[in-house]
Protein chains: 2
Amino acid sequence: MAASRRQQIRRSILDAAIIEFSRNGLEGTSTQAIADRAGLTKPQLHYYISSKEELYDEALQFIVAEWKHIFFMSTESDADPAHVIVSYVTRKIRHAIERPEVARLFAREVARGATALSRHWDDLAASVDQSTAIIQSWIDQGLIRELDPLIFQMNIWAATEYFAEHGAQARYLLGVSDGEALDADRLIRETAELFLARAGLSAPDDRNASAMGTSEGGTSDP
Amino acid sequence: MAASRRQQIRRSILDAAIIEFSRNGLEGTSTQAIADRAGLTKPQLHYYISSKEELYDEALQFIVAEWKHIFFMSTESDADPAHVIVSYVTRKIRHAIERPEVARLFAREVARGATALSRHWDDLAASVDQSTAIIQSWIDQGLIRELDPLIFQMNIWAATEYFAEHGAQARYLLGVSDGEALDADRLIRETAELFLARAGLSAPDDRNASAMGTSEGGTSDP
DNA sequence: AAACGATTTGACCATTTGCTCAGCTTAGTT
DNA sequence: AACTAAGCTGAGCAAATGGTCAAATCGTTT
């Protein structure tokens, strides 16, 4: 009904392409491999796409769109810092675990110099600036400790992205077998705590605050 | 005693291979590209190596060796936690910035499932275990806050690794032009602070407090 | 059933892939 | 100078690459 057969196929091609590209990059991926994954023959694939490069571009485009939902600190400017931070970290880690290919392909393209993303770079940079402003305002209001907002964001990005790129390693180290799902909640809790602590905050109240028991947060002077 | 010409060439092949493999992986890298980068013809390259796979393996081997110097928390078990953490973070970030190809290739191989690293996996896992034990002992002694030692380590890894894989992005966001060097000290200071705060520590250490604060840039370069 | 455009297919292209080889040049030893 | 071995080269291999094409099939509409 809604999705024509044609659109369905194009979508499955895109899915296959994202997975393949995320593994070996543009040059390392053969159209044959994409075709195989999508359950098509090579000429059939080329009937639906115009070239590998364009398909790559399309995949990136798709990813940036998805990314924008997750990448940025919320605009609910009135929410308290702890809540915003936890929500951000949660979204990022969830996404990293659930759609590692997307996160990985994005990261790979960024690492390559993001030439194919250059159109979107400004968008992303603008959002980073916006987040920077929010964090800075928290500092100015004395809501959080003094810190470098940019590096703080980079650190968040790094910590969350990790689970997409190194899921296998995380699994192994945590002793989670291949089929099993990662204990996302635990990862999220611990990782969020990292940034809350840096900001001098404690977790937004849900249950008893037992984790913070020792030595009261260490209001140390930097 | 002087490295024979042969060894010199093999070394330059290895260097070239590491760079190329780190960009596009095993399958995405052509022997032609490696030969070009090493300043050799293709048959010449094949005179020195036996196959692409074996060269890849050799590159990984080389990298693991280099990695072991940096990857692990120090064994100076009597050092105080703050010092150990800062030193670890510093080493990791320095390495990530100075030899991004090495860090990237390692990470890439890990992400692939680390099949070619499987021989070394146990070594690495053992070292992680060792670090875990050290951290746990700190907790037991009440030296640092309670936290999950494993996830703590993963977070450190993530935050430091980031600078290798996303150096371009970091440059861009920090407004550092291509030629310029990143202000490693600033990154290190801020990133170390992240983990110190999580552990409930403040930066070490008073006898030489200025060393952390304002040493400004002058690190020995390659 | 005929006609239609939308698909699918096998054969095929030029180029590149990893790799080999016979023969050439060079460098070192006697 | 004569001999040897290490190093280098152009040509070339089979296989895979990205991509094309005319001819065959399919699903619809008339």
Side-chain angles (χ1 to χ4, degrees), chain A residues 1-63 101 105 108-109 112 115-116, chain B residues 1-63 101 105 108-109 112 115-116:
Chain A
M1 310 19 172
S4 72
R5 173 157 171 66
R6 162 152 211 161
Q7 283 175 318
Q8 234 172 284
I9 292 183
R10 280 201 63 108
R11 178 54 199 261
S12 80
I13 289 176
L14 198 58
D15 284 344
I18 287 173
I19 292 175
E20 288 298 326
F21 282 139
S22 85
R23 299 209 175 158
N24 295 310
L26 169 58
E27 295 181 8
T29 300
S30 68
T31 54
Q32 186 64 257
I34 297 171
D36 287 350
R37 180 169 295 274
L40 304 170
T41 64
K42 201 165 48 141
Q44 206 175 348
L45 173 72
H46 281 287
Y47 175 74
Y48 286 99
I49 70 171
S50 51
S51 78
K52 192 170 76 153
E53 273 74 15
E54 209 169 282
L55 179 59
Y56 186 71
D57 231 60
E58 205 178 321
L60 287 183
Q61 207 117 342
F62 177 84
I63 275 169
E101 331 84 37
L105 182 46
R108 176 189 282 270
E109 186 51 36
R112 277 199 358 167
T115 48
Chain B
M1 120 179 212
S4 73
R5 173 158 172 66
R6 163 154 210 158
Q7 283 175 319
Q8 232 172 286
I9 291 183
R10 280 200 65 107
R11 177 55 199 263
S12 80
I13 289 175
L14 198 57
D15 284 344
I18 288 173
I19 292 176
E20 288 298 326
F21 283 139
S22 84
R23 300 209 174 157
N24 296 311
L26 170 59
E27 294 180 10
T29 299
S30 67
T31 54
Q32 186 65 255
I34 296 171
D36 286 351
R37 179 170 297 275
L40 304 171
T41 63
K42 207 168 39 147
Q44 206 175 350
L45 173 71
H46 282 286
Y47 175 74
Y48 286 99
I49 70 172
S50 52
S51 76
K52 191 169 76 153
E53 273 74 15
E54 208 170 284
L55 179 58
Y56 185 72
D57 231 60
E58 205 178 320
L60 288 183
Q61 206 116 343
F62 176 83
I63 275 168
E101 331 83 38
L105 182 47
R108 176 188 283 273
E109 187 50 36
R112 275 198 0 168
T115 48

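Lettering follows sequence order; numbering is per chain, from 1.
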Quiz item: dT17(D) P sits how many Å from Leu45(A) CG, rounded?
Solution: 13 Å
Exercise. Output the single nucleotide from dT20(C), dG18(C), dC21(D) whose closest atom is nearest the side chain of Thr31(B).
Key: dG18(C)
Practice problem: Starting at atom NZ of Lys52(A), determine the distance to atom P of dT20(D), rounded to an integer number of angstrom. | Solution: 14 Å
Self-check item: Nearest-neighbour nucleotide for the Tyr48(B) side chain, dG18(D), dG7(D), dG10(C) considered
Solution: dG7(D)
Practice problem: Could you tell me the separation between the CD atom of Gln44(A) and the C1' atom of dA6(C), rounded to a whole number of Å? | Solution: 13 Å
Self-check item: Minimum side-chain heavy-atom gap Tyr56(B)-Glu27(B) below 4.5 Å
Solution: no
Self-check item: Nearest-Å distance for atom pair NE2/P, residues His46(B) and dG18(C)
Solution: 7 Å
Self-check item: Shortest side-chain distance from Gln32(B), nucleotide among dT17(C), dT9(D), dG7(D)
Solution: dT17(C)
Quiz item: Among dT17(C), dC8(D), dT9(D), which is the nearest nucleotide to the side chain of Lys42(B)?
Solution: dT17(C)
Exercise. Answer yes or no: does a side-chain N or O of Thr41(B) lie under 4.0 Å from OP1 or OP2 of dT9(D)?
Key: yes
Quiz item: dG18(D) C1' sits how many Å from Glu27(B) CD, rounded?
Solution: 17 Å
Quiz item: Is there a side-chain contact between Leu55(A) and Thr31(A) (heavy atoms, below 4.5 Å)?
Solution: no
Exercise. Starting at atom OH of Tyr47(B), determine the distance to atom P of dT9(D), rounded to an integer number of angstrom.
Key: 12 Å
Quiz item: Between dC8(D) atom P and Leu40(B) atom CG, what is the distance in whole Å?
Solution: 8 Å
Quiz item: Looking only at heavy atoms, what is the nearest atom pair of Ala33(B) and Glu20(B), with distance?
Solution: CB-OE1, 3.8 Å
Exercise. Measure the distance from CD1 on Ile9(A) to P on dG27(D) and round it to the nearest whole Å.
Key: 13 Å
Quiz prompt | Test applied, side chain to side chain contact (heavy atoms under 4.5 Å, CB included); reference residue, Phe21(A); option that passes from Ile63(A), Leu26(A), Leu60(A) | solution = Leu26(A)
Quiz prompt | Distance in Å, Tyr48(A) OH paired with Leu14(A) CG, rounded so as to fall on 0.5 Å steps | solution = 14.5 Å
Exercise. Report yes if at least one side-chain N or O of Arg6(B) is closer than 4.0 Å to OP1 or OP2 of dG7(D); otherwise report no.
Key: yes
Exercise. Measure from the side-chain heavy atoms of Ser30(A) and tell me the nearest of dG10(C), dT17(D), dT9(D).
Key: dT17(D)
